[in-house]
There are 2 protein chains.
Amino acid sequence: MSRNLNNVSPMHGHPWTSQRRLLLELLHDAEGYVDAKELYRRASARDESLSPATVYRSLNLFKELGLVDEMRLGKVRCCYEIKRASEHQHLVCQGCGKVIEFQSPYVRKLIQAVRHEYGFNVTKAQLYLEGYCLECQEKEKSDSPCAATQGKHHE
Amino acid sequence: MSRNLNNVSPMHGHPWTSQRRLLLELLHDAEGYVDAKELYRRASARDESLSPATVYRSLNLFKELGLVDEMRLGKVRCCYEIKRASEHQHLVCQGCGKVIEFQSPYVRKLIQAVRHEYGFNVTKAQLYLEGYCLECQEKEKSDSPCAATQGKHHE
DNA sequence: TTGAGATTGCGACTCATTCTCAATCAGATA
DNA sequence: TATCTGATTGAGAATGAGTCGCAATCTCAA
């Protein structure tokens, strides 16, 4: 078991409470991003007395300690996911809401370019791409053959 | 005058009210991004009776009509700016809060790559880079010579 | 000038997130 | 293991961005 959720605390001296253990465990198991609300829903299913404030407080702590990544995926709410070794970015489909992860060497190149041209030392890069996934484009095409791939014609 | 703020409405049939005229004018003059709150502050200085709700409603309409770009620059609030011909991205300095605009051909390449690899049709791309600008790095260096360029060691 | 329909201001509302504070807990020490 | 101290927690109030409903007002086409 390489996750060190059991004995060694990754909390840098902050107390390793049952609430934090539960929340980190759920974040690990989430396989992707969750927002605070959803995390609270899942957590309170296992610990009734847990309060939303604790979820927010813990997420902020995890963020500070670099245990989770915070991102905005087009919604008002932030989403969180356990920090992984590989950097990746997100495609968000405006049609079905699906989030696709992807990696690209261009992100690294971009960061290098920014460092060279502006002397800017990048600590966090988030690329957010919105659009339509393949399935939604197909669906659109069969609904109205002429207006395909354009999307968002009316509400 | 090429701004067409006076006679021809860019509103696609939506009434060209004094409030909307004022807000668009302020957005034009803003030279960069403003958030809804700041826009309301500036607008209500010139029209006391203007309500915050109108600012939000107008910004949503402008967004829908493609007159402004909406982005999140690390804060909870959204920021808005008049849509310009040239695409650009933002660097946000964690030290001084400064926002630097930049352009890079890699963004376009990235979008092409995404289209090829995932068949994803990108309609909006936002790259958000956080880090430390040159000045803040210099300042940091002179404050603590060893911990330079790292940033965020403690609160 | 008129009338229909859209927009506005207002105030109430929603909803995410933070704050306050007393009770409780984690973890170091004896 | 018992004790102690400071950090964390739950509960609920507070904050603050953004939305909604409605009556009054405005825009604009006829």
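Here is how names work: the chains are called A, B, and so on, in the same order as the sequence lines, proteins then strands, and each is numbered from 1. Treat the numbers as computed from the prediction; the structure is a model and nothing was measured.
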- Verify same cluster id: L110(A), Y128(B) (apolar side-chain graph, 4.5 Å):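 Cluster IDs for L110(A) and Y128(B) differ.
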- Message: Once you apply a heavy-atom cut-off of 4.0 Å, does R57(B) come out as touching a base, just sugar-phosphate, or nothing?
- Response: base
- Message: Please classify the nucleic acid contact of N60(B) as base, sugar-phosphate, or nothing, using heavy-atom distances under 4.0 Å.
- Response: sugar-phosphate
- Message: Is any side-chain heavy atom of Y132(A) closer than 4.5 Å to one of Q94(A)?
- Response: yes
Rounded to whole Å, please give me the gap between [atom1] in [X] and [atom2] in [N].
X	N	atom1	atom2	answer
R20(B)	dT25(D)	CZ	C1'	14 Å
L61(B)	dT19(D)	CG	C1'	16 Å
L59(B)	dT7(C)	CG	P	15 Å
K37(B)	dT15(D)	NZ	P	13 Å
L23(A)	dT9(D)	CG	P	9 Å
E38(B)	dG18(D)	CD	P	14 Å
R21(B)	dA6(C)	CZ	C1'	16 Å
R41(B)	dG16(D)	CZ	C1'	13 Å

Among [options], which is the nearest nucleotide to the side chain of [X]?
X	options	answer
S49(B)	dC20(D), dG27(C), dG9(C)	dG9(C)
H14(A)	dT7(C), dA11(D), dT8(D)	dT8(D)
T54(B)	dT8(C), dG10(D), dC19(C)	dT8(C)
S51(B)	dT17(C), dG27(C), dG9(C)	dG9(C)

Does this structure show an ion pair linking [X] with [Y], if we count only N-O contacts that are shorter than 4.0 Å?
X	Y	answer
K139(B)	E135(B)	no
R20(B)	E25(B)	no
R84(A)	E101(A)	yes

Under 4.0 Å from OP1 or OP2 of [N]: is there any side-chain N or O of [X] that close?
X	N	answer
Y56(A)	dT18(C)	no
Q19(B)	dG9(C)	yes
T17(B)	dT7(C)	no

- Task: Take P52(B) and S18(B), find for each the nucleotide of DNA chain D with the closest heavy atom, and name the residue whose nucleotide sits nearer the 5' end.
- Result: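 Per heavy-atom nearest nucleotide, the more 5' residue is P52(B).
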